[in-house]
Amino acid sequence: MTYQEIQMISNMLSLLCNYIVEEAMNKNLLAEMFEKASAIESTPQLSEILPGYSLKHIESLKKEMNNILADAYLNSSGDEDIPCGNPVLKPAFEYIYEHKGETFSLKAMADLCHISPSYFSRLFAKETGENFSSYLSRLKMKWAKQLLEATDIPVSQISSELGFNEPGYFIKIFKKYEGTTPAVYRKYYKG
């Protein structure tokens, strides 16, 4: 299967997921209207007709589907060639590329490589030409751009998917690297 086919399938699944969630939300609206109407008369309650149905379940399902789509897209995006020639640093690079949604500390990555943080920092800068935090930010912005270009996943979800605690901070970092906000970038790219 080619990369373009995978990308096309991913986009179709995203659109299908959004359609299903929208339909479920419409159903939820109708159900809420039914409940309000049934409060007036002595008709059965919604919980008796649709047990276990709630908007919260649908929203969490949509979030999970977006997570799966983002992971699938990022894992198939062709940048799995980990740019590390140094065998000492290889465990850190592999961890970063396999756990895109986590936040990484220099100390944790140094521990993973069984070296001191200061030595890790020097080796990392020599290997990549930039410091650890700059490299991670640039790499996450590259992944964010791929998701913005290829999917309709909300910016807040992309932020979460890439390990940012706050969407506002993600937008600030994105703007620092790209000169524009993620929403404007997506609109310009897709427009």
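Using a cut-off of 4.0 Å between Lys/Arg side-chain N and Asp/Glu carboxylate O, R186 and E149 are scored as not salt-bridged. Between K100 and E161, no side-chain nitrogen of the basic residue sits less than 4.0 Å from a carboxylate oxygen of the acidic one, so the salt-bridge criterion is not met.
In this structure the side chain of M1 reaches within 4.5 angstrom of the side chain of I9, judged on heavy atoms. By the 4.5 Å heavy-atom criterion applied to side chains, N131 and S121 are not counted as neighbours. The shortest distance between side-chain heavy atoms of F120 and P117 does not fall below 4.5 Å.
The nearest pair of heavy atoms linking E102 to K140 is O-NZ, 2.7 Å. Of all heavy-atom pairs spanning I173 and M141, the tightest one is CG2-CE, 3.8 Å. Between P87 and G85, the shortest heavy-atom distance links the atoms CD-O, 3.4 Å. Contact between K190 and T151 at its shortest, heavy atoms only, is NZ-O, 2.9 Å. In this structure, P167 and S159 approach most closely via the heavy-atom pair CA-OG, 3.4 Å. Looking at every heavy atom in both residues, Y177 comes nearest to S134 through OH-O, 3.5 Å.
The environment of CE in M12 is crowded: more than 12 heavy-atom neighbours from other residues, nucleotides or ligands sit within 6.0 Å. Summarising the local packing, NZ of K126 is surrounded by 12 or fewer heavy atoms from other residues, nucleotides or ligands at distances under 6.0 Å. The 12-atom threshold is exceeded at CD of E94, counting heavy atoms of other residues, nucleotides or ligands nearer than 6.0 Å. Shown here is Q4, whose CD atom has no more than 12 heavy atoms of other residues, nucleotides or ligands within 6.0 Å.
Here the CG atom belonging to D111 is positioned 4.0 Å from the NZ atom belonging to K107, to the nearest 0.5 angstrom. Atom OG1 of T180 sits about 10.5 Å away from atom OH of Y188, to the nearest 0.5 Å. Atoms CD1 and CG, on I115 and L123 in that order, are 5.0 Å from each other to the nearest 0.5 Å. Interatomic distance, Y97 OH to C84 SG, rounded to the nearest 0.5 Å: 10.0 Å. The CD1 atom of I158 sits 11.0 Å away from the CD atom of Q146 when rounded to the nearest 0.5 Å. The line from NZ of K187 to CG of L148 is 14.5 Å long, rounded to the nearest 0.5 Å.
Among residues two or more places apart in sequence or in another chain, the side chain to side chain contact (heavy atoms under 4.5 Å, CB included) test is passed with L136 by I96, F104, F132. The salt bridge (Lys or Arg N to Asp or Glu O under 4.0 Å) test applied to K175 returns no partner, not counting sequence neighbours. With sequence neighbours left out, the salt bridge (Lys or Arg N to Asp or Glu O under 4.0 Å) criterion links K176 to no other residue.
Note: F93 and Y135 meet the aromatic proximity criterion, with ring centroids under 6.0 Å apart.
A donor-acceptor contact shorter than 3.5 Å links the side chain of S137 to the backbone of S133. Put simply, the side chain of T128 gets close to the backbone of F124: a donor and an acceptor are under 3.5 Å apart.
Between F174 and F170, the ring planes are tilted. Angles from 30° to 60° get that label.
If you chain together hydrophobic residues whose side chains sit under 4.5 Å apart, V184 and L147 never meet in one group.
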